[in-house]
S.K.: 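The structure's right below; bear with me while I get my questions together.
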Amino acid sequence: VLFRSLARQTPGARVRRAKALPLVHPQFTGAPIPGAVTVIVVPDSDAPNPVPGPATLALVCAHLNRHRLLTSEVYVIPPTYRKIQIEAEIIAKPEADLSEIKRGIETGLTNYFHPLKGGPTGMGWEFGGEIFYSDVYRIVIQTPGVARLRDNQLVIFLDDERQTFCRDVQINQGELLFSTGHDIRVAYT
(Lines give C-alpha, C1' and ligand atoms only; values in the text may rest on other atoms or scores of the structure.)
Protein backbone atom coordinates (compact mmCIF):
# COMPACT_ATOMS: atom_id res chain seq x y z
CA VAL A 1 0.00 0.00 0.00
CA LEU A 2 2.87 2.37 0.82
CA PHE A 3 4.60 2.00 -2.56
CA ARG A 4 1.28 2.24 -4.41
CA SER A 5 0.45 5.53 -2.64
CA LEU A 6 3.96 6.91 -3.06
CA ALA A 7 3.97 6.08 -6.78
CA ARG A 8 0.70 7.97 -7.31
CA GLN A 9 2.09 10.96 -5.38
CA THR A 10 5.36 11.20 -7.32
CA PRO A 11 6.07 14.89 -8.03
CA GLY A 12 6.07 15.63 -11.76
CA ALA A 13 4.54 12.29 -12.76
CA ARG A 14 0.88 11.94 -13.70
CA VAL A 15 0.35 8.47 -12.25
CA ARG A 16 -3.34 7.61 -11.97
CA ARG A 17 -3.05 4.05 -10.69
CA ALA A 18 -0.31 1.88 -9.27
CA LYS A 19 0.02 -1.69 -8.04
CA ALA A 20 2.84 -2.99 -5.85
CA LEU A 21 3.78 -6.65 -6.24
CA PRO A 22 5.90 -7.78 -3.28
CA LEU A 23 8.46 -10.55 -3.86
CA VAL A 24 8.27 -9.98 -7.63
CA HIS A 25 11.33 -9.18 -9.74
CA PRO A 26 10.50 -8.26 -13.37
CA GLN A 27 13.33 -10.43 -14.75
CA PHE A 28 12.61 -13.49 -12.62
CA THR A 29 8.90 -14.15 -12.94
CA GLY A 30 7.40 -17.22 -11.39
CA ALA A 31 9.65 -17.38 -8.34
CA PRO A 32 9.35 -15.19 -5.23
CA ILE A 33 12.42 -13.00 -4.75
CA PRO A 34 12.90 -11.84 -1.14
CA GLY A 35 13.33 -8.08 -0.85
CA ALA A 36 12.07 -7.34 -4.36
CA VAL A 37 9.04 -5.14 -5.00
CA THR A 38 7.78 -4.38 -8.49
CA VAL A 39 5.47 -1.41 -8.89
CA ILE A 40 3.25 -1.17 -11.96
CA VAL A 41 2.24 2.38 -12.88
CA VAL A 42 -0.59 3.54 -15.13
CA PRO A 43 -0.50 7.18 -16.22
CA ASP A 44 -3.48 9.49 -16.53
CA SER A 45 -4.38 9.28 -20.21
CA ASP A 46 -7.26 9.06 -22.67
CA ALA A 47 -5.64 6.09 -24.44
CA PRO A 48 -7.44 2.73 -24.22
CA ASN A 49 -4.22 1.23 -22.80
CA PRO A 50 -2.25 4.01 -21.07
CA VAL A 51 1.49 3.35 -20.94
CA PRO A 52 3.93 5.51 -18.99
CA GLY A 53 6.90 6.92 -20.84
CA PRO A 54 10.52 6.39 -19.81
CA ALA A 55 10.60 9.78 -18.01
CA THR A 56 7.59 8.85 -15.85
CA LEU A 57 9.08 5.48 -14.99
CA ALA A 58 12.39 7.12 -14.03
CA LEU A 59 10.67 9.77 -11.88
CA VAL A 60 8.60 7.19 -10.01
CA CYS A 61 11.59 4.89 -9.56
CA ALA A 62 13.73 7.69 -8.13
CA HIS A 63 10.91 8.77 -5.80
CA LEU A 64 10.31 5.23 -4.53
CA ASN A 65 14.04 4.59 -4.19
CA ARG A 66 14.21 7.40 -1.60
CA HIS A 67 11.55 5.64 0.50
CA ARG A 68 12.61 2.00 0.29
CA LEU A 69 14.39 -0.02 2.95
CA LEU A 70 18.10 -0.59 2.36
CA THR A 71 17.43 -4.33 2.12
CA SER A 72 14.81 -4.02 -0.61
CA GLU A 73 14.96 -3.56 -4.36
CA VAL A 74 12.23 -1.55 -6.09
CA TYR A 75 11.42 -1.86 -9.79
CA VAL A 76 8.95 0.32 -11.67
CA ILE A 77 7.39 -1.05 -14.84
CA PRO A 78 4.57 -0.24 -17.26
CA PRO A 79 1.45 -2.41 -17.18
CA THR A 80 1.00 -5.52 -19.28
CA TYR A 81 -2.25 -5.24 -21.21
CA ARG A 82 -4.49 -7.99 -22.53
CA LYS A 83 -6.79 -7.10 -25.40
CA ILE A 84 -10.39 -8.13 -24.85
CA GLN A 85 -13.11 -8.27 -27.45
CA ILE A 86 -16.69 -9.47 -27.11
CA GLU A 87 -18.64 -11.02 -29.96
CA ALA A 88 -22.41 -11.25 -29.77
CA GLU A 89 -25.52 -11.29 -31.96
CA ILE A 90 -28.31 -9.24 -30.43
CA ILE A 91 -32.05 -9.40 -31.01
CA ALA A 92 -33.53 -5.93 -30.56
CA LYS A 93 -36.93 -4.97 -29.23
CA PRO A 94 -39.26 -3.97 -32.10
CA GLU A 95 -39.33 -0.26 -31.15
CA ALA A 96 -35.55 0.03 -30.59
CA ASP A 97 -32.98 1.70 -32.84
CA LEU A 98 -30.38 -0.85 -34.00
CA SER A 99 -27.48 1.62 -34.18
CA GLU A 100 -28.21 2.96 -30.68
CA ILE A 101 -28.18 -0.57 -29.27
CA LYS A 102 -24.89 -1.40 -31.01
CA ARG A 103 -23.28 1.85 -29.81
CA GLY A 104 -24.67 1.36 -26.29
CA ILE A 105 -23.30 -2.17 -25.96
CA GLU A 106 -19.90 -1.28 -27.40
CA THR A 107 -19.58 1.78 -25.14
CA GLY A 108 -20.70 -0.19 -22.08
CA LEU A 109 -18.19 -2.98 -22.72
CA THR A 110 -15.30 -0.65 -23.58
CA ASN A 111 -15.91 1.39 -20.42
CA TYR A 112 -16.26 -1.73 -18.26
CA PHE A 113 -12.88 -3.13 -19.33
CA HIS A 114 -11.07 0.23 -19.23
CA PRO A 115 -7.92 0.28 -17.04
CA LEU A 116 -8.75 3.70 -15.53
CA LYS A 117 -12.55 3.89 -15.39
CA GLY A 118 -13.68 0.29 -15.73
CA GLY A 119 -14.39 -2.63 -13.46
CA PRO A 120 -17.32 -3.15 -11.12
CA THR A 121 -16.51 0.01 -9.12
CA GLY A 122 -15.76 2.30 -12.07
CA MET A 123 -12.30 3.01 -10.63
CA GLY A 124 -10.38 0.99 -13.22
CA TRP A 125 -10.13 -2.67 -14.11
CA GLU A 126 -8.62 -4.58 -11.20
CA PHE A 127 -5.01 -5.65 -11.74
CA GLY A 128 -5.23 -9.38 -12.51
CA GLY A 129 -9.03 -9.19 -12.24
CA GLU A 130 -10.93 -12.23 -13.47
CA ILE A 131 -13.37 -11.69 -16.33
CA PHE A 132 -16.70 -13.03 -15.14
CA TYR A 133 -18.86 -14.25 -18.01
CA SER A 134 -22.03 -13.33 -16.11
CA ASP A 135 -20.90 -9.69 -15.73
CA VAL A 136 -20.22 -9.39 -19.46
CA TYR A 137 -23.59 -10.98 -20.22
CA ARG A 138 -25.32 -8.55 -17.83
CA ILE A 139 -23.75 -5.49 -19.51
CA VAL A 140 -25.00 -6.66 -22.89
CA ILE A 141 -28.49 -7.76 -21.87
CA GLN A 142 -29.17 -4.66 -19.73
CA THR A 143 -28.44 -2.26 -22.58
CA PRO A 144 -31.65 -0.37 -23.46
CA GLY A 145 -33.45 -1.88 -26.45
CA VAL A 146 -31.94 -5.37 -26.14
CA ALA A 147 -34.54 -8.16 -26.16
CA ARG A 148 -32.11 -11.09 -25.98
CA LEU A 149 -28.98 -12.67 -27.41
CA ARG A 150 -29.39 -14.83 -30.52
CA ASP A 151 -28.98 -18.49 -29.47
CA ASN A 152 -27.69 -17.20 -26.12
CA GLN A 153 -24.25 -16.80 -27.73
CA LEU A 154 -21.69 -14.40 -26.28
CA VAL A 155 -18.02 -15.06 -26.97
CA ILE A 156 -15.02 -13.58 -25.17
CA PHE A 157 -11.77 -13.15 -27.11
CA LEU A 158 -8.56 -12.47 -25.16
CA ASP A 159 -5.60 -11.34 -27.27
CA ASP A 160 -7.60 -12.44 -30.34
CA GLU A 161 -7.94 -15.98 -28.97
CA ARG A 162 -11.44 -17.37 -28.49
CA GLN A 163 -12.05 -18.35 -24.85
CA THR A 164 -14.06 -21.33 -23.63
CA PHE A 165 -17.76 -20.65 -24.10
CA CYS A 166 -19.70 -19.57 -21.01
CA ARG A 167 -16.66 -19.67 -18.72
CA ASP A 168 -14.90 -17.05 -16.63
CA VAL A 169 -11.49 -15.97 -17.92
CA GLN A 170 -8.40 -15.58 -15.73
CA ILE A 171 -5.68 -13.06 -16.40
CA ASN A 172 -2.31 -13.01 -14.67
CA GLN A 173 -1.40 -11.05 -11.55
CA GLY A 174 -0.69 -7.44 -12.39
CA GLU A 175 -2.23 -7.52 -15.89
CA LEU A 176 -4.91 -5.13 -17.08
CA LEU A 177 -7.50 -5.27 -19.84
CA PHE A 178 -8.21 -2.87 -22.68
CA SER A 179 -10.50 -2.91 -25.67
CA THR A 180 -10.59 -1.01 -28.92
CA GLY A 181 -13.81 -2.46 -30.28
CA HIS A 182 -16.26 -5.32 -30.12
CA ASP A 183 -18.05 -7.44 -32.72
CA ILE A 184 -21.69 -6.67 -31.95
CA ARG A 185 -24.34 -7.44 -34.55
CA VAL A 186 -27.90 -6.27 -33.96
CA ALA A 187 -31.10 -7.31 -35.76
CA TYR A 188 -34.83 -7.38 -35.05
CA THR A 189 -35.22 -11.15 -35.43
Side-chain angles (χ1 to χ4, degrees), residues 4 7-8 13-19 21 40-53 56-57 77-189:
R4 182 181 69 206
R8 290 193 353 239
R14 294 182 11 183
V15 175
R16 176 94 171 267
R17 294 185 65 205
K19 172 77 173 175
L21 303 173
I40 304 165
V41 295
V42 183
D44 193 10
S45 168
D46 292 331
N49 55 340
V51 177
T56 298
L57 294 174
I77 62 170
T80 298
Y81 286 104
R82 306 289 302 273
K83 180 182 168 193
I84 185 163
Q85 181 182 26
I86 306 302
E87 178 183 286
E89 289 188 49
I90 308 302
I91 304 298
K93 293 178 181 175
E95 71 280 2
D97 181 290
L98 299 181
S99 63
E100 284 183 24
I101 293 172
K102 179 178 173 60
R103 187 172 38 257
I105 292 171
E106 289 174 349
T107 299
L109 291 170
T110 299
N111 287 341
Y112 183 68
F113 296 121
H114 197 274
L116 296 177
K117 60 184 176 188
T121 64
M123 300 298 289
W125 188 262
E126 182 182 341
F127 286 91
E130 187 172 356
I131 304 160
F132 294 110
Y133 187 89
S134 59
D135 289 344
V136 177
Y137 191 94
R138 185 174 27 258
I139 290 167
V140 171
I141 206 74
Q142 289 180 346
T143 301
V146 171
R148 61 185 172 84
L149 275 79
R150 182 178 306 281
D151 300 323
N152 209 27
Q153 296 291 309
L154 183 143
V155 181
I156 298 172
F157 287 85
L158 191 61
D159 297 328
D160 298 320
E161 187 175 311
R162 184 185 189 107
Q163 301 300 298
T164 304
F165 176 69
C166 204
R167 294 286 182 255
D168 298 338
V169 179
Q170 295 277 342
I171 63 172
N172 297 319
Q173 172 184 324
E175 292 180 338
L176 290 171
L177 297 175
F178 82 101
S179 60
T180 56
H182 304 279
D183 186 7
I184 306 298
R185 296 176 298 283
V186 185
Y188 289 113
T189 55

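Throughout, numbering of the chain's residues begins at 1 and tracks the sequence. Just so it is clear, the structure is predicted and the values come from calculations on it, not from any experiment.
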S.K.: Is any side-chain heavy atom of I90 closer than 4.5 Å to one of L98?
M.R.: no
S.K.: Minimum heavy-atom separation for I101 and A92, please, with both atom names.
M.R.: CD1-CB, 3.4 Å
S.K.: Below 4.5 Å, heavy atoms only, C-beta onward: do L57 and P78 meet side chain to side chain?
M.R.: yes
S.K.: NZ of K102 to CZ of R185: how many Å apart, nearest 0.5 Å?
M.R.: 8.5 Å
S.K.: Closest approach of D44 and R16, non-hydrogen atoms and distance?
M.R.: OD1-NH1, 3.1 Å
S.K.: Listed by chain and number, what are the side chain to side chain donor-acceptor pair (under 3.5 Å) partners of K19, not counting sequence neighbours?
M.R.: none
S.K.: Looking only at heavy atoms, what is the nearest atom pair of L116 and P50, with distance?
M.R.: CD1-CG, 3.8 Å
S.K.: Does CZ belonging to R167 count more than 12 external heavy atoms closer than 6.0 Å?
M.R.: no
S.K.: Rounded to the nearest 0.5 Å, what separates atom CD in E106 from atom OG1 in T143?
M.R.: 10.5 Å
S.K.: For R82, which residues count as a side chain to side chain donor-acceptor pair (under 3.5 Å) partner, sequence neighbours excluded?
M.R.: D159, E175
S.K.: Any side-chain heavy atom of R14 within less than 4.5 Å of one from T56?
M.R.: no
S.K.: Quick check for you: to the nearest 0.5 Å, what is the distance between R103 atom CZ and E100 atom CD?
M.R.: 6.0 Å
S.K.: Rounded at 0.5 Å granularity, tell me how far CG in N49 sits from CZ in F113.
M.R.: 15.0 Å
S.K.: Determine whether L158 and E161 make a side-chain contact, defined as any pair of heavy atoms from C-beta on separated by less than 4.5 Å.
M.R.: no
S.K.: What verdict does the side-chain contact (heavy atoms from CB on, under 4.5 Å) test give for D183 and F157, after you've listed the backbone C-alpha separation in whole Å, the side-chain angles of each residue and the deciding distance to 0.1 Å?
M.R.: CA-CA 10 Å; D183 186 7; F157 287 85; over 6 Å; no
S.K.: Contact between R4 and R17 at the side-chain level, heavy atoms closer than 4.5 Å - yes or no?
M.R.: no
S.K.: Measure the CD1-CD1 distance between I105 and I141 for me, rounded to the nearest 0.5 Å.
M.R.: 8.0 Å
S.K.: Can you tell me how far the CD1 atom of I131 sits from the CD atom of E126, to the nearest 0.5 Å?
M.R.: 12.0 Å
S.K.: Could you check whether any side-chain heavy atom of Y133 comes within less than 4.5 Å of a side-chain heavy atom of T164, counting everything from C-beta outward?
M.R.: no
S.K.: Is R150 reaching over with its side chain to a backbone N or O of V186, donor-acceptor style, under 3.5 angstrom?
M.R.: no
S.K.: Answer whether the closest heavy-atom distance between the side chains of I184 and L109 falls below 4.5 Å.
M.R.: yes
S.K.: Carefully, step by step, assess L176 and F127 under the rule side-chain contact (heavy atoms from CB on, under 4.5 Å).
M.R.: CA-CA 5 Å; L176 290 171; F127 286 91; 3.7 Å; yes
S.K.: Should Q173 and L21 be marked as a side-chain contact (heavy atoms from CB on, under 4.5 Å) after you check the CA-CA gap, both sets of side-chain angles, and the distance that decides it?
M.R.: CA-CA 9 Å; Q173 172 184 324; L21 303 173; 3.0 Å; yes
S.K.: Which heavy atom of E87 sits nearest a heavy atom of R162, and at what distance?
M.R.: OE2-NH1, 4.4 Å
S.K.: Does Y112 have any ring pair (Phe, Tyr, Trp, His ring centres under 6.0 Å) partners at least two apart in sequence or in another chain, and if so, which?
M.R.: W125
S.K.: So, do E89 and D151 sit near enough that their side-chain heavy atoms are less than 4.5 Å apart?
M.R.: no
S.K.: If you compare all heavy atoms of I40 against all heavy atoms of G174, which two are closest, and at what distance to 0.1 Å?
M.R.: CD1-O, 3.5 Å
S.K.: Testing the basics here: between P48 and F178, what is the closest heavy-atom pair and its distance to 0.1 Å?
M.R.: O-CB, 3.2 Å
